[in-house]
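Below, chains carry the letters A, B, ... as their sequence lines are ordered, and counting in each starts from 1.
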2 protein chains.
Amino acid sequence: MSKVVHVRTLNRMSSDVEGATGSRQARKLRTRQALLDGSLRLLADRTLASLSLREVAREVGIVPTAFYRHFASMEDLGVALAEECMRTLRRGLRQARGRRSTSDLIKSSVTTLLEQVRAHDAQFRYVSRERYGGVPDVRRAIATELKLISSELATDFARMPALTAFSADDLRMAADLMVAAMMSIVLALLEVDPHQADDEREVVESAEKQLRLIALGMAVWRS
Amino acid sequence: MSKVVHVRTLNRMSSDVEGATGSRQARKLRTRQALLDGSLRLLADRTLASLSLREVAREVGIVPTAFYRHFASMEDLGVALAEECMRTLRRGLRQARGRRSTSDLIKSSVTTLLEQVRAHDAQFRYVSRERYGGVPDVRRAIATELKLISSELATDFARMPALTAFSADDLRMAADLMVAAMMSIVLALLEVDPHQADDEREVVESAEKQLRLIALGMAVWRS
DNA sequence: AGATTCGGTGTACAGCTGTACACTGACAAG
DNA sequence: CTTGTCAGTGTACAGCTGTACACCGAATCT
């Protein structure tokens, strides 16, 4: 409510207000980002398909027709949003892989995953909701990024001395399984209430065991 | 199109036409089922959230307001549809487990899964689409049924001599992982074109390997 | 045979949707 | 200083939505 007035004001006032400063293209970029952020806010517990153009325009405080200055359609917005979210996610995972503690790789992976999910709740919710339910283009965008994550993991596997017995195909297969398991863990984490520390711990422990089970299988695998 | 006329005719004509026969409650049940079937047809490549009451009424050839004689809302219809689909799926899986070939359990499981997916394409699509994207009640209905499948698998595991080393919790954990892997296989199968036999075979083989990897892990697991 | 139930119909309305069209005024370029 | 660009505005409209309301007529009950 107040937000609407806020932004609307920003684009009108001459100066001294953050929203109205910057070059024209900078301002355009800012409202574009506002559209993405506002959509994500509205998508906290709904599907993209059930979100109307007018609604997001209202949320960011622009008139409906102005939406078209930034996106050709809601579907377009959805794709851009998916790409932004997946970029965030992939960055998080890469950073997670970077600080691998030698002590317990799996434990630290799950911990980092938990941190990421809690830090980027809305993004994870959007992606997991649209991954299969969304319009084709959004689905494709997400699938592409997930494939990327999977192959990054596969090349990571390839560098591990313990996994020299794996063929390239099998590395891929194992990475796919690992990613699938992690996605189902993400979904379990999203469903549990963070305030219920016990429930959360239970999910985390089960997740660690599942990954350990897969790792165990990989240790005795022969291509 | 012609369907609309068809059904509309059925409910009007006096006799000799299948649609107008039977007791009143039988007829009611039949249109209720028609609503479920029609919805599933329309949901082939869309979300429940994007499907309107009027649309499904049109599809089955009744007037919009008549919808309320059968369901209180589209959400209600969605829940009923989810339950129906999951019942079908669970029956399929149970039957799959029944005819376990001693030769290769995993291979026959994947084969049966493929058969089931191909036979009940629309149901699988609906469930996997609404599993995370749907309205809360529909999600809950699906989650409940999946938990059931998982625990059926867990009790199955419990009867296997090779898995006596597993605690009850760990059996559950392993079953959850197995179900998660199978769901991701289902999704891969839904995405591949059945006419592209090579692609399909590739997915099947990868699926078998993934399940084998998990089984291998279970074989060397110690609670 | 008469009364009741109830799946189905048709009309109606307010509220929302996407988007076409003409506009304004601050910025950027010449 | 003039001119063009373009993110934003406001109005307008047709089409869709859910659902309230009054009604009908065949199956069912008494």
Side-chain angles (χ1 to χ4, degrees), chain A residues 4-36 38-39 42 46-78 135, chain B residues 4-36 38-39 42 46-78 135:
Chain A
V4 174
V5 178
H6 187 52
V7 178
R8 184 167 281 164
T9 311
L10 295 186
N11 287 333
R12 286 247 178 105
M13 287 175 102
S14 49
S15 66
D16 96 24
V17 188
E18 192 198 3
T21 61
S23 70
R24 184 147 66 177
Q25 72 165 356
R27 296 224 277 154
K28 174 164 187 180
L29 255 165
R30 213 176 311 131
T31 48
R32 189 194 137 97
Q33 194 57 44
L35 281 169
L36 291 171
S39 302
L42 291 172
R46 310 171 37 190
T47 324
L48 183 72
S50 73
L51 183 64
S52 73
L53 183 153
R54 284 179 112 105
E55 221 169 334
V56 348
R58 226 175 291 137
E59 170 78 10
V60 308
I62 59 171
V63 100
T65 47
F67 176 94
Y68 295 107
R69 303 283 179 199
H70 306 276
F71 300 100
S73 64
M74 279 298 294
E75 188 167 328
D76 239 51
L77 184 269
V135 288
Chain B
V4 174
V5 179
H6 186 51
V7 178
R8 185 168 280 166
T9 311
L10 295 185
N11 286 333
R12 287 247 178 105
M13 288 175 101
S14 49
S15 67
D16 95 27
V17 187
E18 192 196 5
T21 62
S23 69
R24 184 147 68 178
Q25 73 165 356
R27 296 223 278 153
K28 175 165 186 179
L29 256 164
R30 212 176 312 130
T31 48
R32 188 194 138 98
Q33 194 57 45
L35 281 168
L36 290 171
S39 302
L42 292 171
R46 310 172 36 192
T47 323
L48 183 72
S50 74
L51 183 63
S52 75
L53 182 153
R54 285 179 112 104
E55 220 170 334
V56 348
R58 225 175 291 137
E59 171 77 10
V60 308
I62 60 172
V63 99
T65 47
F67 176 94
Y68 294 108
R69 305 284 180 198
H70 304 276
F71 300 99
S73 64
M74 279 300 292
E75 187 167 327
D76 238 52
L77 185 268
V135 287

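At least one donor-acceptor pair closer than 3.5 Å links the side chain of A:Ser52 to the backbone N or O of A:Glu55. A side-chain donor-acceptor contact under 3.5 Å links A:Ser73 to the backbone of A:Asp76. Side-chain atoms of B:Ser23 come within 3.5 Å of backbone N or O of B:Ala26 as a donor-acceptor pair.
Here D:dA7 presents its P atom at 13 Å from CG of A:Leu35, a figure rounded to the nearest Å. In this entry the distance linking CG of B:Leu77 with P of D:dG18 reads 12 Å, nearest Å. Residue A:Arg32 contributes atom CZ, which lies 17 Å from atom C1' of D:dG8 at whole-angstrom precision. In this structure, A:Glu59 atom CD and C:dT17 atom P are separated by 13 Å, rounded to whole Å. Spacing between atom CZ of A:Arg27 and atom P of C:dG25 amounts to 14 Å, rounded to whole angstrom units. The nearest whole Å value for the distance from the CD1 atom in B:Ile62 to the C1' atom in C:dC6 is 14 Å. Rounded to whole angstrom, the span from the CD atom of B:Glu55 across to the C1' atom of D:dG15 amounts to 13 Å. With rounding to whole Å, A:Leu53 atom CG is found 12 Å from C:dA20 atom P.
Closest-nucleotide positions on DNA chain D for B:Met74 and B:Arg69 were compared, and the one nearer the 5' end corresponds to B:Met74. If you find the closest nucleotide of DNA chain D to B:Gln25 and to B:Ala72, the one lying nearer the 5' end belongs to B:Ala72. Heavy-atom nearest nucleotides on DNA chain C were determined for B:Arg24 and for B:Arg54, and the one closer to the 5' end corresponds to B:Arg24.
Side-chain atoms of A:His70 lie closest to D:dG8 of the nucleotides C:dT19, D:dT17, D:dG8. Among the nucleotides C:dG18, D:dT9, D:dT17, the one closest to the side chain of A:Ala66 is D:dT9. For A:Arg58, counting side-chain heavy atoms from C-beta on, the closest listed nucleotide (D:dA7, C:dT17, D:dT17) is C:dT17.
Proximity of A:Thr65 to the phosphate of C:dT19: no side-chain N or O atom is located under 4.0 Å from OP1 or OP2. In terms of phosphate contacts, A:Arg30 brings no side-chain nitrogen or oxygen within less than 4.0 Å of OP1 or OP2 of D:dG8.
Considering only heavy atoms from C-beta on, A:Ile62 comes within 4.5 Å of A:Leu35 through its side chain.
The heavy-atom pair separating B:Ala57 from B:Pro64 by the smallest distance is CB-CA, 3.8 Å.
Residue contacts shown for B:Ser23 are limited to sugar-phosphate atoms, with no base heavy atom under 4.0 Å away.
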